[in-house]
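Report on one structure; see the data block that follows.
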Protein chains: 2
Amino acid sequence: MTVTSERRKRQWGERENLILGTARRLIHDKGFLSLTMSELAKAVEYSVGTLYRHFETKEDLLVALAVQSISQRALLFEQVRQAKRPSRDRAYGILIVRLMLAESNPETFDIERLASSPSIWKRATEERYRTMVAMEQRCSEVVLGIIRDALAEGDLQRGWVIEGDIIFGLWSITVGFHRLVQSFDDIRQVGLADAIEAVKKNYRLLLDGYGWQPVENWDALAVEQDFRETIFQS
Amino acid sequence: MTVTSERRKRQWGERENLILGTARRLIHDKGFLSLTMSELAKAVEYSVGTLYRHFETKEDLLVALAVQSISQRALLFEQVRQAKRPSRDRAYGILIVRLMLAESNPETFDIERLASSPSIWKRATEERYRTMVAMEQRCSEVVLGIIRDALAEGDLQRGWVIEGDIIFGLWSITVGFHRLVQSFDDIRQVGLADAIEAVKKNYRLLLDGYGWQPVENWDALAVEQDFRETIFQS
DNA sequence: TCCTTTTTTGAATAATAGTCAAATAACCAA
DNA sequence: TTGGTTATTTGACTATTATTCAAAAAAGGA
């Protein structure tokens with residue numbers, strides 16, 4: 001970056017956000033693959049050359065978008081972890097956050113699905129790619145943190161299923177959920193609402209399977225409601 | 001198709017398989033996005049024009065590859081369902097088949113991930129797209145069949161989790177597994193072997209969660225071993 | 001105001017998907 | 001076997017779009 005003064009740096013960042021935001025909107029309308037750089041340039045009212053000062057390639061732009069999404073997720077995950085609630089509630093909160101993000105940022109599915117491909121990574125800036133990996137790592141760490149809290153607070157017993165396994169199980173469900181929503185318009189027969197209910201049930205079933213207390217008399221709906229009301233307020 | 005005689009039809013099919021097989025190999029080496037049609041034409045020793053008689057667009061080729069993969073899976077799923085074994089074994093067999101396919105056809109991840117995107121579908125032949133959907137449906141139906149067998153045989157009780165929920169739970173785990181393997185080289189810290197163990201554990205945990213009998217004294221390893229020895233023989 | 005440095009621009013280039021007129025091969029009747 | 005007809009294949013050509021970079025414009029500063 002050849003930018004020096006404070007004001008310039010700020011403007012640079014503002015423009016980057018403008019580009020990312022606009023790209024997001026266009027991707028939402030027509031998908032990443034049929035978004036063209038000149039179209040994006042026109043939409044933000046800058047020339048293609050300027051876009052390329054922010055992002056080395058189109059793939060780099062995609063990874064930048066993924067970084068945005070994953071960072072936002074990491075932030076909300078951290079809020080969930082910090083919530084003053086039993087560990088099981090917070091584990092469920094992770095799912096709720098994902099559901100909420102899916103509602104508010106549907107374009108993220110297209111972005112993240114494509115961004116998880118090696119042939120994209122190769123064409124992105126090394127640094128941005130690293131940031132993406134780091135952000136994903138942070139998300140995992142938050143969940144791992146909640147699991148450790150549960151162990152410390154006695155809500156979870158160290159058994160034949162170890163920490164890493166639990167992370168993976170919960171993560172699988174949410175990834176499955178991503179695929180589900182994304183392919184929804186066309187493929188599935190059941191209603192989306194039913195599918196989301198299924199996601200939640202299976203998630204709770206896994207929590208029960210791990211013996212994550214309290215298994216009995218635990219009000220999933222109330223927990224969901226509460227997270228929905230508090231999390232997005234920051 | 002303007003092909004009439006038997007021999008010609010056969011040759012047409014053979015060439016299509018040659019193209020698909022070669023594409024698969026090239027995609028395995030460098031990914032779908034950096035596969036070019038001229039490169040593929042050269043590799044199969046036909047001209048680009050000829051490729052385009054088989055597949056209307058590059059996306060159409062991709063969907064054709066997805067159809068191949070999903071059909072093969074459907075076939076193996078059906079074999080699992082037909083196996084003379086308790087329903088729980090067969091439910092587990094579904095996962096084992098996916099693990100085996102992941103080992104033998106690693107390029108499928110790239111193919112199926114991309115092929116599950118609306119912007120690709122739009123550019124593929126209507127018919128091929130329909131076939132893909134139908135094949136996926138068939139896979140679901142096999143699993144649904146096993147669930148119904150389990151209900152009929154009393155290995156599973158109709159409870160608060162309904163059939164569709166179970167399918168979705170098991171399916172999520174396997175989709176998560178796909179994502180996992182695919183992003184493995186670069187992102188994850190744990191070993192792949194550990195991750196695969198985690199997949200299996202979580203899958204069994206869900207089976208237990210549904211109360212899918214026999215929960216006690218059930219030898220997962222033996223079941224896996226047995227499917228591995230019998231399924232691919234056909 | 002004039003010179004220097006930085007930034008922006010968009011026409012030009014390069015890569016590649018997709019087309020189609022011409023060439024080739026297959027078929028077949030006499 | 002030949003000559004005409006139909007089907008298939010070919011690859012040079014077109015169109016699209018990512019990416020570059022020389023020139024123009026703007027900003028900075030003495």
Side-chain angles (χ1 to χ4, degrees), chain A residues 1-16 18-19 22-23 26-27 29-65 114-115 117 119-125 128, chain B residues 1-16 18-19 22-23 26-27 29-65 114-115 117 119-125 128:
Chain A
M1 236 122 304
T2 34
V3 180
T4 51
S5 83
E6 264 317 304
R7 176 174 56 77
R8 284 226 181 155
K9 199 175 280 175
R10 195 181 63 239
Q11 285 176 341
W12 179 267
E14 277 164 9
R15 190 168 65 186
E16 188 144 316
L18 171 68
I19 298 171
T22 309
L26 292 174
I27 289 172
D29 294 343
K30 38 192 312 217
F32 176 74
L33 293 177
S34 44
L35 165 74
T36 72
M37 292 304 263
S38 348
E39 186 190 9
L40 178 58
K42 188 164 293 172
V44 294
E45 296 185 293
Y46 282 98
S47 68
V48 277
T50 302
L51 292 191
Y52 277 91
R53 290 196 58 234
H54 286 267
F55 309 102
E56 282 190 6
T57 61
K58 197 183 166 192
E59 288 81 358
D60 198 33
L61 168 67
L62 179 71
V63 174
L65 286 164
L114 283 169
S117 139
S119 53
I120 299 281
W121 304 338
K122 277 204 289 275
R123 315 212 59 237
T125 316
R128 239 188 271 273
Chain B
M1 239 125 298
T2 36
V3 180
T4 51
S5 86
E6 264 316 304
R7 176 175 56 76
R8 283 228 183 152
K9 199 175 283 174
R10 197 182 61 238
Q11 287 176 339
W12 179 268
E14 278 164 7
R15 190 169 62 186
E16 189 144 317
L18 172 68
I19 298 171
T22 309
L26 291 175
I27 288 172
D29 293 344
K30 38 193 313 224
F32 176 75
L33 293 177
S34 44
L35 165 73
T36 73
M37 292 306 259
S38 350
E39 184 190 12
L40 177 58
K42 188 164 290 174
V44 293
E45 297 185 294
Y46 283 99
S47 67
V48 276
T50 301
L51 292 193
Y52 277 91
R53 290 200 55 236
H54 286 266
F55 309 100
E56 283 191 7
T57 60
K58 197 184 166 193
E59 289 80 359
D60 198 32
L61 167 67
L62 180 70
V63 173
L65 286 164
L114 284 169
S117 137
S119 53
I120 299 282
W121 304 338
K122 276 204 290 276
R123 314 213 61 234
T125 317
R128 238 188 270 274

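Order of the sequence lines sets the chain letters (A, B, ...), proteins ahead of strands, with each chain counted from 1.
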field: Distance test, side-chain N/O of A/Arg53 to OP1/OP2 of C/dT9, below 4.0 Å
entry: no
- prompt: Using a cut-off of 4.0 Å on non-hydrogen atoms, how would the nucleic acid contact of B/Thr50 be classed: base, sugar-phosphate, or nothing?
  reply: base
task: State whether B/Arg123 places a side-chain N or O below 4.0 Å from either non-bridging phosphate oxygen (OP1 or OP2) of C/dA17.
output: no
task: Report the distance from atom CG of B/Leu33 to atom C1' of D/dA18, rounded to the nearest whole Å.
output: 14 Å
- line: Ranking C/dT8, D/dT10, C/dA17 by distance to the side chain of B/Ser47, first place goes to D/dT10
- prompt: By side chain to side chain contact (heavy atoms under 4.5 Å, CB included), which residues pair with B/Tyr46, not counting sequence neighbours?
  reply: B/Arg15, B/Leu18, B/Val44, B/Thr50
task: Can you tell me the distance, in whole Å, between the CD atom of A/Glu16 and the P atom of C/dT7?
output: 14 Å
message: Once side-chain hydrogen bond (donor to acceptor under 3.5 Å, both in side chains) is applied, do any residues pair with B/Thr36, and if so which ones, sequence neighbours excluded?
response: none
Whole angstrom value for the distance that separates P of C/dT16 from CG of B/Leu51: 15 Å
- prompt: Over how many whole Å does the gap from B/Tyr46 atom OH to D/dG11 atom P extend?
  reply: 13 Å
task: Could you grab the distance from atom CD1 of B/Ile27 to atom CG of B/Leu62, nearest 0.5 Å is fine?
output: 6.5 Å
field: Distance in angstrom units between A/Leu61 CG and D/dT17 P, rounded
entry: 16 Å
query: side chain to side chain contact (heavy atoms under 4.5 Å, CB included) with B/Lys30: which residues, sequence neighbours excluded?
result: B/Ser34, B/Glu39
task: Starting at atom CE of B/Met37, determine the distance to atom C1' of D/dC13, rounded to an integer number of angstrom.
output: 17 Å
query: With a 4.0 Å cut-off on heavy atoms, is A/Leu35 in touch with a base, just the backbone sugar-phosphate, or nothing at all?
result: sugar-phosphate
- prompt: Can you check the B/Leu62 CG to C/dA17 C1' distance for me, whole Å?
  reply: 15 Å
field: Atom pair distance, as rounded to whole Å: CG in A/Leu40 and P in C/dG10
entry: 15 Å
message: Just to verify, what does B/Lys122 make a salt bridge (charged side-chain N to carboxylate O under 4.0 Å, His left out) with, not counting sequence neighbours?
response: none
field: Base-contact (B) and sugar-phosphate-only (S) positions in nucleotides 21-30 of chain D, heavy-atom cut-off under 4.0 Å, - elsewhere
entry: ------SS--
- request: Would you indicate which nucleotide in D/dA18, C/dT16, D/dG11 comes nearest to any side-chain atom of B/Val48?
  value: D/dG11
task: Would you name the heavy atoms of A/Arg53 and A/Trp12 that are closest together and state the gap between them?
output: NH1-CZ3, 3.6 Å
- request: Mind checking salt bridge (charged side-chain N to carboxylate O under 4.0 Å, His left out) for B/Glu14 and listing every partner two or more places apart, or none if nothing turns up?
  value: B/Arg10
